[in-house]
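Only this structure's heavy atoms are used, side chains among them; waters, hydrogens and symmetry mates stay out.
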Number of protein chains: 2
Amino acid sequence: MTTKLAQLRAEMVPALDSFLQMRLKRTTDTAVLPAAMTYSVMAGGKRLRPLLMLAVVQTFKPQAIPQALPAAAAIELLHTYSLIHDDLPAMDNDDLRRGLPTNHKKFGEAQAILAGDGLLTLAFQWLAESQLPAETRIDLVQTLAVQAGPMGMVAGQSLDMLNQGKTLSLPELQDLHRRKTGALIKASVLMGAKVAAVNEQRTAALTTFATQFGLAFQIRDDILDVTATTAELGKPAHQDQAAEKNTYPGLLGLEGARQALTDALAGARQALGQLVVGTDTTLLNDFIDWLEK
Amino acid sequence: MTTKLAQLRAEMVPALDSFLQMRLKRTTDTAVLPAAMTYSVMAGGKRLRPLLMLAVVQTFKPQAIPQALPAAAAIELLHTYSLIHDDLPAMDNDDLRRGLPTNHKKFGEAQAILAGDGLLTLAFQWLAESQLPAETRIDLVQTLAVQAGPMGMVAGQSLDMLNQGKTLSLPELQDLHRRKTGALIKASVLMGAKVAAVNEQRTAALTTFATQFGLAFQIRDDILDVTATTAELGKPAHQDQAAEKNTYPGLLGLEGARQALTDALAGARQALGQLVVGTDTTLLNDFIDWLEK
């Protein structure tokens with residue numbers, strides 16, 4: 001059976017990929033730096049965050065999908081920058097990502113830092129240059145900056161680095177992950193809501209959906225690090241434990257973590273239930289189904 | 001004699017400093033990351049770039065100075081991020097900046113990378129949250145991103161790293177510096193012009209001014225690295241030669257570099273001459289005088 005998510009993916013991933021490739025070429029003009037940026041952007045990511053944004057637009061204002069595409073692509077630039085910097089020797093020191101050498105392994109540390117800086121900056125340029133109304137573009141810049149910046153994603157990575165080897169309480173771990181992984185997922189949902197001009201009440205329900213979905217996403221990632229093989233992950237398994245990272249299985253045990261995942265997914269589904277009058281939530285529910293597998 | 005620049009500095013530097021300090025506190029909420037960000041922002045920079053932006057506003061629309069302040073502060077955040085990342089071990093590997101330990105020496109490499117990422121992201125947040133009209137805010141985001149991004153400043157730093165130990169031609173060196181130092185100076189002037197709604201013709205003259213001023217600034221920096229002492233610079237002197245950097249004195253000799261500086265300053269002054277009908281260019285000329293000393 002073809003799900004709505006499978007359909008969105010089949011339509012939008014090729015559109016996103018060709019937009020990213022073409023637009024990266026047009027907004028860079030040297031040799032090595034654009035190659036480093038493009039290498040990681042085109043390294044076969046699942047495009048989860050842009051798809052999530054587009055799914056919100058598709059749910060509430062499908063005719064806005066074409067104007068939303070550059071903003072969705074900007075989210076992927078921002079996500080890619082965060083992966084490049086997280087992989088650096090001074091951070092997680094990872095050699096492999098999606099089965100390929102990490103950016104600094106391929107281009108050296110200096111160019112990898114700069115490729116990340118370039119992608120982060122370019123994300124805001126693409127948002128500013130999109131065809132959406134000026135007010136919407138400013139809302140998108142603001143939303144992305146708040147969620148990705150020093151109260152959001154960057155703070156999450158900072159806390160993660162500072163807390164390696166220390167044992168966090170569950171609320172501390174939740175705060176860390178809310179920032180590190182949750183913030184950009186929340187940004188994606190909120191940016192979709194801005195483009196689709198979703199009202200305040202529904203935006204509140206979507207925010208809860210995003211929070212619970214982001215939490216579930218991180219718990220699942222932690223569980224997979226314990227249970228999956230290196231081949232399945234495209235990067236070495238069991239890295240979290242080796243790096244003394246704080247994780248859900250580390251804190252709650254594998255069964256406890258699985259229960260927390262189930263709870264978060266139920267929370268996400270319940271939030272979508274609040275949207276249901278006049279809204280077809282099948283597509284957004286498909287994202288939850290996908291994490292349940 | 002008090003120059004107009006001295007007057008602007010006396011009024012605006014304390015205003016910028018207190019805005020930066022207060023707003024940094026309000027737009028961060030963890031412990032270490034904000035400390036690392038604030039450390040470098042408040043490390044006693046000259047605030048040249050925000051002052052340049054405010055000087056353009058002061059020249060063409062002085063009543064807009066209060067609304068322009070957050071945007072000027074955002075430029076300083078962006079400049080500070082670039083210094084933190086340029087100083088990293090994988091880049092220029094500098095231990096001292098303005099007489100103080102560099103960010104990574106003080107906070108470690110991971111937090112320094114993240115402090116840079118945080119400041120870059122926050123620059124766009126502050127632009128988006130300023131009180132200027134939405135159209136102007138979008139123009140500022142776009143201008144800053146283009147000049148600071150992978151066709152501008154980040155590309156300049158990338159080329160600088162790639163070309164260490166190679167000898168560039170004069171046009172190649174000019175292109176490198178146009179990006180590495182010139183782009184953010186150009187952004188500052190153009191952002192001032194946007195806020196002050198300067199017309200196209202005058203913006204063209206300001207762009208030439210910015211380009212020549214930026215060039216002069218870099219040549220002067222290269223010359224000082226050769227002629228000044230470590231105490232005068234607040235960082236080790238003669239570092240460019242040690243790092244096999246491409247510089248104007250290296251390519252043209254010290255006298256040739258001094259002539260190039262004189263030429264660039266003359267070009268900047270000539271560009272201001274094109275503005276003169278109905279415009280008091282004393283303040284902008286003061287910036288040129290300052291580099292001539």
Side-chain angles (χ1 to χ4, degrees), chain A residues 24 27-34 36-37 78 81-82 85 88-91 104 108-129 133-146 148-155 157-159 161-162 179, chain B residues 24 27-34 36-37 78 81-82 85 88-91 104 108-129 133-146 148-155 157-159 161-162 179:
Chain A
L24 272 171
T27 46
T28 58
D29 64 350
T30 54
V32 176
L33 180 69
M37 291 164 65
L78 202 135
Y81 123 74
S82 77
H85 281 193
L88 286 169
M91 305 267 205
H104 64 272
E109 217 177 314
Q111 297 301 320
I113 293 169
L114 293 165
D117 293 345
L119 290 168
L120 171 53
T121 311
L122 205 53
F124 292 106
Q125 184 182 329
W126 288 12
L127 289 181
E129 292 176 350
E135 287 283 359
T136 308
R137 282 180 278 161
I138 274 296
D139 279 352
L140 296 184
V141 168
Q142 202 257 351
T143 302
L144 187 59
V146 168
M151 290 175 86
M153 190 182 74
V154 172
Q157 179 66 8
S158 166
L159 291 172
M161 297 304 303
L162 293 166
R179 299 173 191 262
Chain B
L24 272 170
T27 46
T28 58
D29 65 349
T30 55
V32 177
L33 181 69
M37 291 165 64
L78 202 133
Y81 122 75
S82 77
H85 280 192
L88 286 168
M91 305 269 204
H104 64 272
E109 217 178 313
Q111 297 300 321
I113 294 169
L114 293 165
D117 293 346
L119 289 168
L120 171 54
T121 311
L122 204 53
F124 292 106
Q125 183 182 329
W126 287 11
L127 289 181
E129 292 175 350
E135 288 282 358
T136 307
R137 282 180 279 163
I138 273 296
D139 278 351
L140 297 183
V141 168
Q142 202 257 351
T143 301
L144 187 60
V146 167
M151 290 176 85
M153 189 182 75
V154 172
Q157 178 66 8
S158 166
L159 291 172
M161 297 305 300
L162 293 167
R179 300 171 190 264

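Using bins of under 30°, 30° to 60° and over 60° for the plane-to-plane angle, the ring pair B/H85/A/H85 lands in the perpendicular bin.
Here the closest heavy-atom approach between residue B/A90 and residue A/A110 is recorded as O-CB, 3.4 Å. When every heavy atom of A/P34 is checked against every heavy atom of A/A31, the shortest pair comes out as CD-O, 3.5 Å. Heavy atoms only, all atoms of each residue included: A/M161 and B/Q111 are closest at CB-NE2, 3.9 Å.
Only the side chain of B/T30 comes within contact range of chain A, with heavy atoms under 4.5 Å apart. In this structure, chain B has a heavy atom under 4.5 Å from the side chain of A/L159, while its backbone stays farther away. Heavy atoms of B/M37 lying under 4.5 Å from chain A belong exclusively to its side chain. Using a 4.5 Å cut-off between heavy atoms, B/Q142 touches chain A through backbone and side chain atoms alike. The contact between B/L88 and chain A is made entirely by side chain atoms (from C-beta outward), counting heavy-atom distances below 4.5 Å. Of the atoms belonging to A/Q157, heavy atoms from both backbone and side chain fall under 4.5 Å from chain B.
Between chain A and the options B/L144, B/I113, B/L119, B/D139, the largest number of non-hydrogen pairs under 4.5 Å is found for B/I113. The residue among B/D117, B/V146, B/V141 with the most heavy atom pairs within less than 4.5 Å of chain A is B/D117. In terms of non-hydrogen atom pairs under 4.5 Å with chain A, the most contact-rich of B/A145, B/P150, B/A128 is B/P150.
Inter-residue side-chain proximity for A/M153 and B/T121 is flagged as unmet; no heavy-atom pair is nearer than 4.5 Å. Taking 4.5 Å as the limit, every side-chain heavy atom of A/F124 sits out of range of all side-chain heavy atoms of B/L127. The shortest side-chain heavy-atom distance between B/L114 and B/L33 falls under the 4.5 Å cut-off.
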